[in-house]
Amino acid sequence: MIALHEFNQLPEKDALTLLQPCVAIPGWADALVDGRPYSSREALFIAAQALTQRWDEAALTQALSAHPRIGEKPAGAQAEAALSRQEQGAVNDRDAALAQALREGNARYEARFGRVFLIRAKGRSGEEILRALHARLENSDAQEIRAALEQLREITLLRLEGVISE
Ligand SMILES: NC(=O)NC1=NC(=O)NC1=O
């Protein structure tokens with residue numbers, strides 16, 4: 001976590017490294033770093049959100065390489081794995097029936113849409129995530145790309161909030 005004025009002054013490489021765990025879409029961090037200096041944290045978040053509007057199915061596929069399945073808390077020390085574990089903290093991984101239901105739901109989703117189910121897990125219980133997964137299974141391909149991209153935006157901006165303080 002660094003202050004906005006520090007972020008504005010970081011060497012480009014260090015600023016990119018700081019933003020990299022937010023989302024595995026390099027163009028997003030590149031553009032956000034290029035847009036410095038930001039006059040306020042709000043201006044930074046407005047720019048960050050605007051840049052996510054460019055994302056399409058290809059960007060979603062690229063980002064999913066850095067997101068473990070829900071219920072599969074990733075091992076590994078890299079920043080993304082630690083963030084995923086923290087974000088999935090409310091998913092009770094001691095509930096075997098829930099874990100099984102999530103595994104089955106993930107498998108059904110992947111069979112239907114051909115990619116990992118993505119949801120902003122922070123603040124959501126496993127049961128709430130499972131309900132959302134079942135509801136989204138009813139989406140058309142186009143609807144589900146939009147739904148997944150919206151979740152990716154939420155995850156990315158939540159992670160950015162954890163990187164840049166006032
Ligand atoms: N498949 C996922 O939805 N993964 C994740 N959701 C989050 O909020 N963090 C993740 O890693």
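One-based numbering, in listed order, for ligands and for the atoms of each.
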Participant: Distance under 4.0 Å to a non-hydrogen atom of Arg120: what atoms of ligand 1 satisfy this?
Facilitator: 8 (O)
Participant: Going by distance alone, is a donor N or O of one side chain under 3.5 Å from an acceptor N or O of the other, for Gln143 and Arg146?
Facilitator: no
Participant: Checking Asn139 now: which residues fulfil side chain to side chain donor-acceptor pair (under 3.5 Å) with it, not counting sequence neighbours?
Facilitator: Glu144
Participant: Donor-acceptor pair, Tyr38 side chain versus Leu32 backbone, under 3.5 Å?
Facilitator: yes
Participant: Do any nitrogen or oxygen atoms of Phe117 come within less than 3.5 Å of a nitrogen or oxygen of ligand 1?
Facilitator: yes
Participant: Any nitrogen or oxygen of Ala121, side chain or backbone, less than 3.5 Å from one on ligand 1?
Facilitator: yes
Participant: Counting non-hydrogen protein atoms only, what is the nearest one to atom 10 (C) of ligand 1? Give residue, atom name and distance.
Facilitator: His67 ND1, 3.5 Å
Participant: Heavy-atom contacts with Pro68 under 4.0 Å: which atoms of ligand 1 show up? List them by number with element.
Facilitator: 1 (N), 2 (C), 4 (N), 11 (O)
Participant: Any N or O on Arg69 sitting closer than 3.5 Å to an N or O of ligand 1?
Facilitator: no
Participant: Side chains of Leu44 and Phe7, heavy atoms from C-beta outward: is any pair under 4.5 Å?
Facilitator: yes
Participant: Any ion pair linking Glu128 and Arg131 (charged N to carboxylate O, less than 4.0 Å)?
Facilitator: no
Participant: At their closest point, which heavy atom of Arg115 faces which heavy atom of Leu60, and how far apart are they?
Facilitator: NE-CD2, 3.3 Å
Participant: Among protein heavy atoms, which lies nearest atom 9 (N) of ligand 1, and at what distance?
Facilitator: Glu87 OE1, 2.7 Å
Participant: Do Glu154 and Lys122 sit within salt-bridge range, that is, some charged N less than 4.0 Å from a carboxylate O?
Facilitator: no
Participant: List every atom of ligand 1 that sits less than 4.0 Å from any heavy atom of Ser84, numbering the atoms from 1 in the order shown and giving each element.
Facilitator: 10 (C), 11 (O)
Participant: Quick check: does Lys122 get an N/O under 3.5 Å from an N/O on ligand 1?
Facilitator: no
Participant: Membership question, hydrophobic clusters at under 4.5 Å side-chain separation (ILVMFWY): are Leu83 and Ile2 in the same one?
Facilitator: no
Participant: Would you mind telling me if ligand 1 is within reach of the side chain of Ile155, the backbone, both or neither, using heavy atoms under 4.0 Å?
Facilitator: side chain
Participant: Any idea which protein heavy atom is nearest atom 7 (C) of ligand 1, and the distance to it?
Facilitator: Ile119 O, 3.4 Å
